[in-house]
Amino acid sequence: MSNILIDFTEELFSELRIPIHEVSLPPQWDDQFDLGLRKTLTGKSDFLLQETFLDFNSLYGDKTKIIFGEDLFTCNYLLLPLDQGKILMAGPFLCEVPTVESIMNLCEELKISGKYHTYVKQYFATLPKVQSKIILGTYIKCLANRIFGADSYEILYLKNQNTFDFHFDDVMEPEPSANTIKSMESRYENEEELMECIARGDYEAAEQHLYRPAYLSDLEQRVPDTLRDQKNYLIIGNTLFRKAAQRGKVHPIYLDDLSSKMAAKIENLTSLSQVDPLRREMVRKYCFLVKTYSTKGFSPIIQKVLNYIALNLASDLTLKHLSSIFSLNSSYLSAMFKKETGSTLTAYVNNKRIDRAVYLLNTQVDSIQDIAIMCGIPDLTYFTKLFKKAKGMTPTKYRELITRKAENPEDPSSHLGSQTPPL
């Protein structure tokens, strides 16, 4: 038997977070087979395998047998024969995410006491999920062809539908399993790392943490309505992401504005297919806030100056006026600003005003003169000069390209590149 292929298969299951065990036949029960589920529910470690688990007798016969099985708890397992009377057992895992309703129905069918229901929901929430049983089955078929040869094996799809009379211990309350504890610890660690990425404005790193299994797959469904449940988790995410951006020294006025917009979008969701795109949009926009408005690393007084500039672009932002507002010597403020930002105050203000102009040209239908006034540069000639220096074209030409891009999105001549604001 190819050790390389088996090693690769074990590594694949490990990446999918599916527990794997090499088991000798005939098997002796190990509580790790089901991550302690049966021991928790029955208080026994020598639980009858074939009553609620899988029928290992199906492995014997003339042909090599591979089992895709579902036990009495609807958990999936894969049993793959190895050399020398051993099998590779992979599981438990899920192919469908259970709902609160389906878990409660299972508890009712198996007569599982109400005091165990929270434990059972946590158990299912921490199990790894395989998105497609068909794809996994195709992989196993290709693997078996290489290892055993075509037509020399068969794949059995088994489902345990036995009835079983559970006898629960009414004294002891179930404790969280080691797997549940580890999974929760992993999720909270990943959540903290995700918030750190947002606090830095690092969207690429944040997205990697966002789609790790530890963040999404271990979320227990808490209400019967799946869409409402996902909305609730998005609301929690919106709060966490806002706090992360606040950690990145973004002014509360920007945080409150984005948080309110995201809250409205969450409530307007009408299907589960909209959940992941909105979660990604939330992370991207909070990262963008940090990239654009963070004052982290600056002295307290320069933080105040930067926030004032961002919130008052249409006002008087001359060195003299800002020095008066913050009761500072003009020369001192000028030198301090240049030292910390690497830019003169005038150049910084002009760049922020042109960035604002780009946003308004993309989102408003006001005249260029009015946009210039809204950006704090009422002199149209001077505004045009600054805009052309920063963007390589006049604001009139820029607006023409926006219009052309809207009418012909595939036209390469209308490409604006990074000049189109990400928000």
Measure the shortest side-chain to side-chain distance between [X] and [Y] over non-hydrogen atoms and say whether it is less than 4.5 angstrom.
X      : Y      : answer
Val23  : Phe33  : yes
Leu306 : Tyr348 : yes
Leu78  : Ile67  : no
Asn160 : Phe53  : no
Lys65  : Pro81  : no
Ile368 : Leu361 : yes
Glu10  : Glu22  : yes
Asp71  : Arg38  : yes

Notebook entry, point to check: Between Ser323 and Tyr332, does a side chain to side chain donor-acceptor pair (under 3.5 Å) hold up when you go through it step by step?
Noted result: CA-CA 9 Å; Ser323 299; Tyr332 174 76; over 6 Å; no
Next item on the list: Give the ring-plane orientation class for Tyr293 versus Tyr254, where under 30° counts as parallel, over 60° as perpendicular and anything between as tilted.
Entry: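 Rings of Tyr293 and Tyr254: parallel, under 30°.
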Item checked: Check: Phe288 ring centre within less than 6.0 Å of Tyr203 ring centre -> no
Other residues, nucleotides and ligands only: do more than 12 of their heavy atoms fall within 6.0 Å of [atom1] on [X]?
X      : atom1 : value
Lys352 : NZ    : yes
Lys133 : NZ    : yes
Ile253 : CD1   : no

Next item on the list: Applying side chain to side chain contact (heavy atoms under 4.5 Å, CB included), run through Phe383 and Leu386 and close with a yes or a no.
Entry: CA-CA 5 Å; Phe383 172 73; Leu386 289 177; 5.9 Å; no
Margin query: If the threshold is 4.0 Å, N to carboxylate O, is there a salt bridge linking Glu281 and Lys265?
Written below: yes
Checklist line | Residues Glu267, Arg228: salt bridge by 4.0 Å N-O rule | finding: yes
State, to 0.1 Å, how close [X] and [Y] come at their nearest heavy-atom pair, and which atoms those are.
X      : Y      : answer
Val275 : Gln230 : CG1-OE1, 3.8 Å
Phe337 : Thr341 : O-OG1, 2.7 Å
Met262 : Tyr286 : CG-CE1, 4.5 Å
Asp366 : Arg399 : O-NH1, 2.7 Å
Ile20  : Ala90  : CG2-CB, 3.9 Å
Glu340 : Ser299 : OE2-OG, 2.7 Å

Next item on the list: Show the numbers, then the answer: is there a side chain to side chain donor-acceptor pair (under 3.5 Å) between Thr270 and Gln274?
Entry: CA-CA 7 Å; Thr270 58; Gln274 298 171 317; 3.3 Å; yes
In terms of side-chain heavy atoms, does [X] have a donor or acceptor partner in [Y] at a distance below 3.5 Å?
X      : Y      : value
Ser271 : Ser273 : yes
Ser102 : Asn105 : no
Thr40  : Tyr123 : no

Next item on the list: Give every residue pair that meets the salt bridge (charged side-chain N to carboxylate O under 4.0 Å, His left out) criterion with at least one member in residues 247-263, sequence neighbours excluded.
Entry: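 Counting only pairs at least two positions apart or across chains, the salt bridge (charged side-chain N to carboxylate O under 4.0 Å, His left out) contacts touching residues 247-263 are Glu192-Arg247, Glu196-Arg247, Asp257-Lys261.
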Next item on the list: Quick one: do His251 and Asn307 satisfy side chain to side chain donor-acceptor pair (under 3.5 Å)? Show the steps, please.
Entry: CA-CA 7 Å; His251 194 280; Asn307 283 327; 4.8 Å; no
Next item on the list: Kindly indicate, with the supporting measurements, whether the criterion side chain to side chain contact (heavy atoms under 4.5 Å, CB included) is fulfilled by Leu401 and Met393.
Entry: CA-CA 10 Å; Leu401 288 177; Met393 66 185 78; 3.6 Å; yes
State the [atom1]-[atom2] distance between [X] and [Y], to the nearest 0.5 angstrom.
X      : Y      : atom1 : atom2 : answer
Arg353 : Asp355 : CZ    : CG    : 12.5 Å
Ile112 : Leu41  : CD1   : CG    : 5.5 Å
Glu96  : Asn76  : CD    : CG    : 9.0 Å
Thr295 : Ile309 : OG1   : CD1   : 11.5 Å
Glu109 : Thr74  : CD    : OG1   : 9.5 Å

Next item on the list: Step by step, work out the side chain to side chain contact (heavy atoms under 4.5 Å, CB included) result for Met104 and Leu106.
Entry: CA-CA 5 Å; Met104 291 300 95; Leu106 177 67; over 6 Å; no
Next item on the list: Step by step, work out the side chain to side chain donor-acceptor pair (under 3.5 Å) result for Asp34 and Tyr77.
Entry: CA-CA 10 Å; Asp34 66 352; Tyr77 290 83; 5.6 Å; no
For the side chain of [X] and the backbone of [Y], is there at least one donor-acceptor N/O pair under 3.5 Å apart?
X      : Y      : result
Gln246 : Ala199 : no
Asn238 : Leu234 : no
Thr318 : His321 : yes
Ser334 : Ser330 : no
Lys39  : Leu37  : no

Next item on the list: Go through Tyr398 and Phe387 one step at a time and tell me if the ring pair (Phe, Tyr, Trp, His ring centres under 6.0 Å) criterion holds.
Entry: CA-CA 10 Å; Tyr398 185 82; Phe387 193 97; 5.7 Å; yes
Next item on the list: Might you work through the side chain to side chain contact (heavy atoms under 4.5 Å, CB included) test for Leu80 and Tyr153, ending with a clear yes or no?
Entry: CA-CA 11 Å; Leu80 180 69; Tyr153 69 92; over 6 Å; no
